[in-house]
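Structure first, commentary second.
Numbering of residues begins at 1 and proceeds along the displayed sequence. No experiment lies behind these values; they were computed from the predicted model shown. Whatever order the structure lists them in is the order used to number ligands and atoms, beginning at 1.
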Amino acid sequence: MKPSVLRSIICSLALLFTCASASHAADAPKKILLVTVTKGFRHSSIPTATKVIMELGEKSKAFTVDLAATDADLLAKTTPEKLKTYDGFIFANTTLDLPLADKQAFLDAIKGGKGFAGMHSASDTFHGKDGKVDPYIEMLGGEFKTHGAQVGVECLVQDNKHPAVKHFGEAYCIEKEEIYLLINYDRTKVRDLLTLDKHPNKKSEAGHFPIAWCKDYGTGKVFYTSLGHREDVWENKAYQEHILNGIKWSLGLIPGESAPLKK
Ligand SMILES: [Zn+2]
C-alpha cells in the first residue's frame, strides 16, 4: 500500500471516530427522575405507567429512567445536589403533598432549564391552601378539581405542528377515560395542545376544557396531559407517542412552540 493511500485511510478513520464520538456525546440519553409516589388516591395504572415510561426511554434511547416510587426514594433523590444530576422530571399519577427533600430547589431546577412532564393526577398533586395557588400548580399550569363518570371524548388538536399531538391529526378520540375538570388554568398562560369543546359528561354544555398543554417555566419546559387514568390508555400506542414526544420536547430534544395560542 502506498503511504499516501494509508494516510488517507488513517485520516478517514480518524474523522469517522471523531464524528462518532462527538455525535455520541450529543445523543447521550437524558437522565429522568420518574416519580410515582402518592399521598392520596393511588391509581391501579401506576405499574403500567412505570413500565411504559421505562420502555419508551429504552426504545427511543432518548432518556434513562431513575425511579422514585417510595417516600424514602423521593427524599433521597430530590436533595439540591441530587436534583442537579437529572435533566428532567416525570410525575406519573402522583397525588397530594409529596415528600420532596427541597420543593423550592425542585421548582428552581425546572425554572433553570430542566424539563417537567406530568400525566393525569400530576395535577392532583400539591393543592394550594387557604385560597392560595401552590407554586407547583403555577409551574404546571392547572389543578385537578373533579371528574365525572368515565366517558368517550374527542380531544381536539390545537397545534398540529407540536410533536406531542401532531400524530393525532385533527383529533384524538378516546373511547373511555376519566376526564378531569381543572381549575387554576389560564389559556393565556399555556399553549393548549388538546382541548374539548364541550363538557366531557354534559355534552350539551359547550365550553373550553383543557386536556393537554405545554408551557415555559423560566427557561425550563413543562408538558402536561390529563389523560392517563386507565391501564388501557397507557397501553395505547397513540397515547404513548403523545407522552414520549411530550417528554422529549420538555427535555429540549425536539422542537415545538410553547407560546400561548390565545393572548
Ligand atoms: Zn384518575
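Coordination check, Glu178 versus the Zn ion (ligand 1): passed, since an N/O/S atom of the residue sits under 2.8 Å. Put simply, His120 gets within reach of the Zn ion (ligand 1), with an N, O or S atom under 2.8 Å from it.
Between Asp87 and Lys114 there is no salt bridge, since no side-chain N of the basic residue sits under 4.0 Å from a carboxylate O of the acidic one.
Judged by a 6.0 Å distance limit and a 45° cone about the ring axis, Lys198 is not positioned over the six-membered ring of Phe209. Stacking of Lys31 on the aromatic ring of Tyr86 is recorded, both the 6.0 Å distance cut-off and the 45° axial limit being met.
Nearest N, O or S atom of His229 to the Zn ion (ligand 1): atom ND1.
Aromatic rings from Phe116 and Phe91 are positioned such that their centres are separated by under 6.0 Å.
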